[in-house]
Amino acid sequence: MKNPVKQADSETETTVAPDDRSPEQLATPASEPPHTPLEAQSDSPWLPLKNPVFRTFWLASLVSNLGTWMHEIGAGWLMTQLDASPQMVSAVRTSMALPIMLLAIPAGVLADRMDRRKLLIGTQLMLLCVTGTLAWLTAMGWITAWGLLGLTFLIGLGLTLHVPTWQASVPEWVPRSQLSRAVALGSISFNLARGVGPALAGLLVAWLGSWIAFSFNAASFAAVIIALLVWKRDRVESSRGQSFQQSLFEGLHYAFSCVAMRHVLLRLLFFVAPASALWGLLPLIVKQRLDWGADGFGVLVACIGGGAIIGARLMPELHRWLGADKAVTMAMTLFAIGMTLMSVTTDRTINVVATLIMGMGWMITLTSLNTAAQLSLPDRLRARGMSCYLTMMAFSMATGSLLWGMLADGTSIATAQKIAATTVLVTAAIGLKLSIISTPEPS
């Protein structure tokens, strides 16, 4: 396999001289223009797949994402059988997000100081063992509601180490000029899996039970492990003479002093916190409002994935037409429209259309914000910066899912959806004043 380091920009070094540039200037290599707009995508969006290294990891990630979405369906539906209260159902997602919310930033520090390849292999082995255990306990009928939450928490812990390390490694697989397209392709992989995985899981769970979804997820980690084992990497991360605490504070300082990165984090909070009502309440919407089974749950989640794929196709044109900032606002508005439709009718056909619309809004918003974060970060701080991004997303998802579950329990599912949709519209308007395009500022 071709060495990925030969295809990436030579920005990561083992030692660096002191640098008194501003965070925005650090984010821009001296050899490239200081401004890299998200809208400037003149080449094919599929260009990174011509790179054999990126293609290998993209395919491995697709298999892993397929297993993850099958697991999501299995866990959500299993909890409705173990304990159907809104708090416990929404707690499944909260228990997955809680470790990321609490520990992603220290994990990002590790990924900037340790061999990322070895760290990724270790996390994949851990995830394989935990999901395998969950599959076995479920198949034997020994799993409990709190046991499901506990093992889901451990899976979240493994993902806490995996995700910032994986995202920080992407620039090693493609040239910097293709980075935004590589990020978008990663989102397409995720949403292709979301389009197929839930429908497949819904059929298998209805036929065999939730354990089959967990089993597939455990097996899917093998694809990533194989890709990592054949990856010949000669980069070595360095502490740069800093203590763990110094590295931690350096990453935090950069994330909140870089204007574009700070705005990305705020707009992420403004979107995910209210939008998490979809994921936290969807099992209950299917079961109680639509009177649908596990197959219906899979259909709706697959529609969200299908809408996301449509959104990925439309996103470059939307960015060129409106610019990244307004494109995010429009995508959030689409999401709010879809959620409102779901809240006012129990017609299954209209709910299918609503989930397609929300999938488009979800994809365009998060991919735009993720790409903006990647472009605002220098390589030596990339894992720490992306860990701040993941922490904000996990915090927004965990607290949002819990709060919307509590509100639905105290009022109704439809009322919670209406309030969430209104909140998305308000925060979309506020976000127009927070530009996510990185521009250098004077030192």
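Keep in mind that what you see is a predicted model, and the values were worked out from it rather than measured.
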For residues [X] and [Y], report the shortest heavy-atom separation together with the two atoms involved.
X: L265; Y: C388; answer: CD2-O, 3.7 Å
X: A60; Y: A223; answer: CB-O, 3.8 Å
X: T340; Y: A421; answer: OG1-CB, 3.4 Å
X: A383; Y: G108; answer: CB-O, 3.5 Å
X: P48; Y: V174; answer: CB-CG1, 3.9 Å
X: H319; Y: A327; answer: CD2-CB, 3.4 Å

What pairs with S396 under side-chain hydrogen bond (donor to acceptor under 3.5 Å, both in side chains), at least two apart in sequence or on another chain?
->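 S396: no side-chain hydrogen bond (donor to acceptor under 3.5 Å, both in side chains) contacts found.
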Considering only heavy atoms from C-beta outward, does the side chain of [X] approach that of [Y] to under 4.5 Å?
X: L151; Y: I143; value: yes
X: K118; Y: I121; value: no
X: I285; Y: Q417; value: yes
X: L66; Y: F216; value: yes
X: F395; Y: V272; value: no
X: W404; Y: T423; value: yes
X: W231; Y: S169; value: yes
X: F221; Y: H162; value: no

Donor-acceptor pair, distance only, cut-off 3.5 Å: does the side chain of [X] make one with the backbone of [Y]?
X: T165; Y: L161; value: yes
X: R382; Y: Q374; value: yes
X: D325; Y: L432; value: no
X: R55; Y: L49; value: yes
X: S189; Y: L185; value: no
X: R113; Y: S243; value: yes
X: S61; Y: F57; value: no
X: R384; Y: S247; value: yes

Could you check L103, T123, L390, T391 and say which one makes a side chain to side chain contact (heavy atoms under 4.5 Å, CB included) with T160?
-> L103
V424 and side chain to side chain contact (heavy atoms under 4.5 Å, CB included): which partner among M339, M332, M358?
->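 Exactly one pass, corresponding to M332.
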Is it the case that more than 12 heavy atoms not belonging to M88 sit under 6.0 Å from its CE atom?
-> yes
Would K433 and L266 count as a side chain to side chain contact (heavy atoms under 4.5 Å, CB included) if you check the C-alpha gap in whole Å, the side-chain angles of each, and the deciding distance to 0.1 Å?
-> CA-CA 11 Å; K433 297 185 178 297; L266 286 172; over 6 Å; no
What is the distance from atom [atom1] of [X] to atom [atom2] of [Y], rounded to the nearest 0.5 Å?
X: Q246; Y: H253; atom1: CD; atom2: NE2; value: 14.0 Å
X: M315; Y: S368; atom1: CE; atom2: OG; value: 5.5 Å
X: L369; Y: M261; atom1: CG; atom2: CE; value: 10.0 Å
X: L134; Y: H71; atom1: CG; atom2: NE2; value: 5.5 Å
X: N370; Y: I436; atom1: CG; atom2: CD1; value: 10.5 Å
X: T152; Y: W146; atom1: OG1; atom2: CH2; value: 12.0 Å

N217/M70 under side chain to side chain contact (heavy atoms under 4.5 Å, CB included): CA gap, chis, key distance, verdict = CA-CA 7 Å; N217 190 33; M70 291 182 68; 5.9 Å; no
Apply ring-ring contact (aromatic ring centres under 6.0 Å, His included) to F271 and list each qualifying residue two or more places apart in sequence or on a separate chain.
-> F335, W362
Is there a side chain to side chain contact (heavy atoms under 4.5 Å, CB included) between I304 and W279 once you walk through the steps?
-> CA-CA 11 Å; I304 295 172; W279 302 109; 3.7 Å; yes
Please check if any side-chain donor atom of R267 sits under 3.5 Å from a side-chain acceptor atom of T329, or the reverse.
-> yes
List the atom pairs, with distances to 0.1 Å, where a side-chain N or O of residues 126-133 and a protein N or O form a donor-acceptor pair under 3.5 Å, not counting sequence neighbours.
from	atom 1	to	atom 2	distance (Å)
T131	OG1	L127	O	2.7
T131	OG1	L128	O	3.2
T133	OG1	C129	O	2.9

Could you go step by step and tell me if I364 and V328 meet the side chain to side chain contact (heavy atoms under 4.5 Å, CB included) rule?
-> CA-CA 7 Å; I364 294 171; V328 170; 5.9 Å; no
Less than 6.0 Å separating the ring centroids of W166 and W173?
->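 Ring centres of W173 and W166 closer than 6.0 Å.
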